[in-house]
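Here's the structure, in structure tokens; my notes come after.
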Amino acid sequence: RPGRWRRRTRVARPDRACGKCQRRGESHRESRDAGPPPPATRALTSTTAAPSTTSDAAAPPTAPPTTAASLEYAIEWASAGDRVDRGRLTVPLDYADPGGETIELEVARHRAPDGSRVGAMLVNRGGPGAASSDMAYSATNWFPSEITDRFDIVAWDPRGTGQSGAAVDCIDDADHDRHFAEIDITPDDDAARDELVALAEEFAAGCVERTEGLTYIGTTNSARDMDAIRQALGEPQVSYFGFSYGSALGAAWATLFPDTVRAAVLDGATDPSVEPLERSRQQLVAFEESLSTFLDECGGGSCEFANGGDPAAALDELLLSLDAEPVPTVGGRADLNRGVATTGIVQAMYSDAYWPTLERALEDAAAGDGSGLLALHDTYHQRADDGTYPSLIESFQAITCMDRAERLSVEEADANAVVLTDAAPRLSPGDVGSYFCTFFPESAEPMIDITGVGAGPIVVIGTTGDPATPLGSSQAMADALEDGRFLVVDANRHTGYGVDDCVDGAVNDYLVQLTAPDDTTCR
């Protein structure tokens with residue numbers, strides 16, 4: 001979130017993506033100062049058995065016999081700026097083998113002032129695959145002083161990301177366009193379809209060859225890393241704030257280590273009770289609905305694209321024309337084909353703050369210049385001016401696959417494509433599968449079932465116009481938790497904290513004073 005603390009002006013970033021946000025990739029603030037409150041701590045309780053959120057389990061999931069709690073951890077901190085420290089934490093690659101291979105996690109913290117500190121709050125920006133340690137360096141951009149003056153904001157690069165161990169690496173930067181910008185998402189013949197399968201197989205093989213510990217980078221082990229961080233901090237309990245995928249990570253942590261949860265906020269969550277196909281379908285429907293809202297607003301005559309005409313019909317015509325004949329872009333690095341255009345449109349749906357940019361990009365594309373949509377596509381992939389890419393997209397796919405037990409065949413993936421096309425014909429055209437996890441190895445430990453039993457009240461935020469983590473999926477997360485409290489923000493954007501004073505006030509009071517809100521819709 002660039003810039004200083006400002007309400008209603010933040011643009012959601014693609015590193016909060018969760019789910020299918022591209023054809024090959026699937027499941028795509030002035031505060032009051034009331035003085036230092038007394039530290040509030042949730043009573044430590046034992047986890048009690050309760051019905052699971054899934055029908056095939058008789059009891060809440062538990063960690064294996066060896067968990068983070070059976071080891072000793074320490075972080076040697078070094079100053080990294082005003083109130084900011086940086087450190088490294090060594091953890092097992094496989095918590096079931098504590099004497100085996102280890103990895104290091106990159107950790108940073110923004111310290112609360114002496115005298116007003118309530119405790120430590122772990123934070124995660126999303127992904128999966130996004131490095132999050134920089135959230136400590138920019139803590140005052142993410143949270144108001146009401147929070148940063150009370151909590152040490154502790155952020156880290158999850159395993160498989162950023163500067164932490166088992167960082168995912170699958171392809172060279174020079175091959176990125178070949179895998180993501182040059183592909184034909186609606187192949188016309190068997191040769192073109194075979195090329196997509198070969199690219200998926202090549203990508204997965206690169207991940208296996210170039211990423212040590214690939215099968216251990218799933219969310220369950222990242223949740224155990226959170227408890228290792230807590231122990232290294234010397235805290236019996238910590239608070240947590242997770243955005244987008246960070247909600248799934250926080251829910252897994254709260255399920256595995258409920259007694260260590262002081263408070264937890266999950267902003268923008270996926271439905272933990274559904275299978276990957278249904279999760280992708282829910283998300284594509286939400287993106288398509290956001291696109292329809294954008295086109296309806298354009299239809300009012302103020303939009304630069306198809307001004308005074310029929311924007312929906314104009315978009316359909318543009319996408320079909322790009323399918324048949326891509327248009328050039330400035331510099332000629334990559335032509336604008338339908339796949340690039342679709343990713344650019346998806347990027348713009350993360351927040352209506354992008355919509356004016358999308359209007360101009362569509363108008364330019366219709367006039368024969370695809371540069372604007374290519375720029376939005378590049379924003380999604382976080383392409384730098386020098387042509388380099390972070391590992392976000394690679395880590396996103398690898399971690400997502402390590403959270404899944406299933407490995408679809410090519411034929412099964414193609415069959416699923418028909419379901420997704422029916423749900424979102426503009427954003428998921430054709431009948432070719434994504435082969436997203438088809439060629440990845442089996443996970444050492446897929447995602448656990450989410451219950452949050454014994455963790456106490458957990459606040460879940462949902463946003464009415466959120467395409468990446470739709471309102472219904474956030475509601476499903478709140479329902480899956482033993483004591484989920486659901487707050488609704490009325491906005492066209494991904495995630496809701498920092499948008500609405502009503503929600504922000506309820507969340508801040510909960511974090512500082514442990515005053516858990518009732519379910520609320522803020523308008």
**Prompt:** With Leu420, which of Asp431, Leu427, Leu277 fulfils side chain to side chain contact (heavy atoms under 4.5 Å, CB included)?
**Reply:** Leu277
**Request:** Report the residue from Thr463, Asp490, Ile461 that forms a side chain to side chain contact (heavy atoms under 4.5 Å, CB included) with Val503.
**Result:** Ile461
Atom [atom1] of residue position [X] - does it have more than 12 heavy atoms of other residues, nucleotides or ligands inside 6.0 Å?
| X | atom1 | result |
| --- | --- | --- |
| Asp189 | CG | yes |
| Glu275 | CD | no |
| Asp386 | CG | yes |

**Item:** Distance-only donor-acceptor check, side chains Asp157 and Ser133, under 3.5 Å
**Value:** yes
**Request:** Report yes or no: do Thr211 and Asp169 form a side-chain donor-acceptor pair below 3.5 Å?
**Result:** no
Any idea how [X] and [Y] line up, ring-wise: parallel (<30°), tilted (30 to 60°), or perpendicular (>60°)?
| X | Y | result |
| --- | --- | --- |
| Tyr240 | Trp156 | tilted |
| His381 | His176 | perpendicular |
| His494 | Tyr350 | perpendicular |

**Message:** What verdict does the ring pair (Phe, Tyr, Trp, His ring centres under 6.0 Å) test give for Phe243 and Trp142, after you've listed the backbone C-alpha separation in whole Å, the side-chain angles of each residue and the deciding distance to 0.1 Å?
**Reply:** CA-CA 11 Å; Phe243 297 91; Trp142 286 88; 5.2 Å; yes
What's the separation between atom [atom1] in [X] and atom [atom2] in [Y], rounded to the nearest 0.5 Å?
| X | Y | atom1 | atom2 | answer |
| --- | --- | --- | --- | --- |
| Asn492 | Ser290 | CG | OG | 6.5 Å |
| Thr219 | Met226 | OG1 | CE | 11.0 Å |
| Leu295 | Trp355 | CG | CH2 | 9.0 Å |
| Cys401 | Phe436 | SG | CZ | 5.0 Å |
| Ser244 | Leu249 | OG | CG | 11.5 Å |
| Tyr216 | Asn221 | OH | CG | 8.5 Å |

Any ion pair linking [Y] and [X] (charged N to carboxylate O, less than 4.0 Å)?
| X | Y | answer |
| --- | --- | --- |
| Asp177 | Arg383 | no |
| Asp466 | Arg493 | no |
| Arg224 | Glu445 | yes |
| Arg281 | Glu278 | yes |
| Arg193 | Asp414 | yes |
| Arg338 | Asp184 | no |
| Arg125 | Asp267 | no |
| Glu442 | Arg407 | no |
| Arg178 | Glu202 | yes |

**Ring-ring centroid check Phe396 Tyr245, cutoff 6.0 Å** = no
Heavy-atom side-chain proximity of [X] to [Y] below 4.5 angstrom:
| X | Y | value |
| --- | --- | --- |
| Gln475 | Val460 | no |
| Thr342 | His377 | no |
| Pro158 | Asp225 | no |

**Message:** Please determine whether side-chain hydrogen bond (donor to acceptor under 3.5 Å, both in side chains) holds for the pair Glu412 and Asn416, giving the CA-CA distance in whole Å, both sets of side-chain angles, and the decisive distance to 0.1 Å.
**Reply:** CA-CA 6 Å; Glu412 289 169 330; Asn416 285 352; over 6 Å; no
**Thr495/Val489 under side-chain contact (heavy atoms from CB on, under 4.5 Å): CA gap, chis, key distance, verdict** = CA-CA 9 Å; Thr495 72; Val489 178; over 6 Å; no
**Asked** Given the rule in the side-chain contact (heavy atoms from CB on, under 4.5 Å) test, do Tyr389 and Phe180 qualify, once you have shown the distances and angles that lead to the verdict?
**Response** CA-CA 12 Å; Tyr389 296 86; Phe180 295 102; over 6 Å; no
Would you confirm whether [X], through its side chain, and [Y], through its main-chain N or O, come within 3.5 Å as a donor-acceptor pair?
| X | Y | value |
| --- | --- | --- |
| Arg109 | Val84 | no |
| Thr438 | Val410 | no |
| Ser428 | Pro425 | no |
| Ser164 | Glu106 | yes |
| Asn337 | Ala181 | yes |

**Asked** What pairs of residues pass the side chain to side chain donor-acceptor pair (under 3.5 Å) test when at least one of them lies in residues 309-320, not counting sequence neighbours?
**Response** Asp316-Arg426
**Item:** CA sep, side-chain torsions, deciding dist, call: Tyr435, Phe203, ring pair (Phe, Tyr, Trp, His ring centres under 6.0 Å)
**Value:** CA-CA 10 Å; Tyr435 322 126; Phe203 186 90; over 10 Å; no
**Steps toward side-chain contact (heavy atoms from CB on, under 4.5 Å) verdict (Asp369, Val327)** = CA-CA 6 Å; Asp369 179 7; Val327 302; over 6 Å; no
**Asked** Stepwise, does the side-chain contact (heavy atoms from CB on, under 4.5 Å) test hold for Leu362 with Glu304?
**Response** CA-CA 8 Å; Leu362 291 173; Glu304 294 192 33; over 6 Å; no
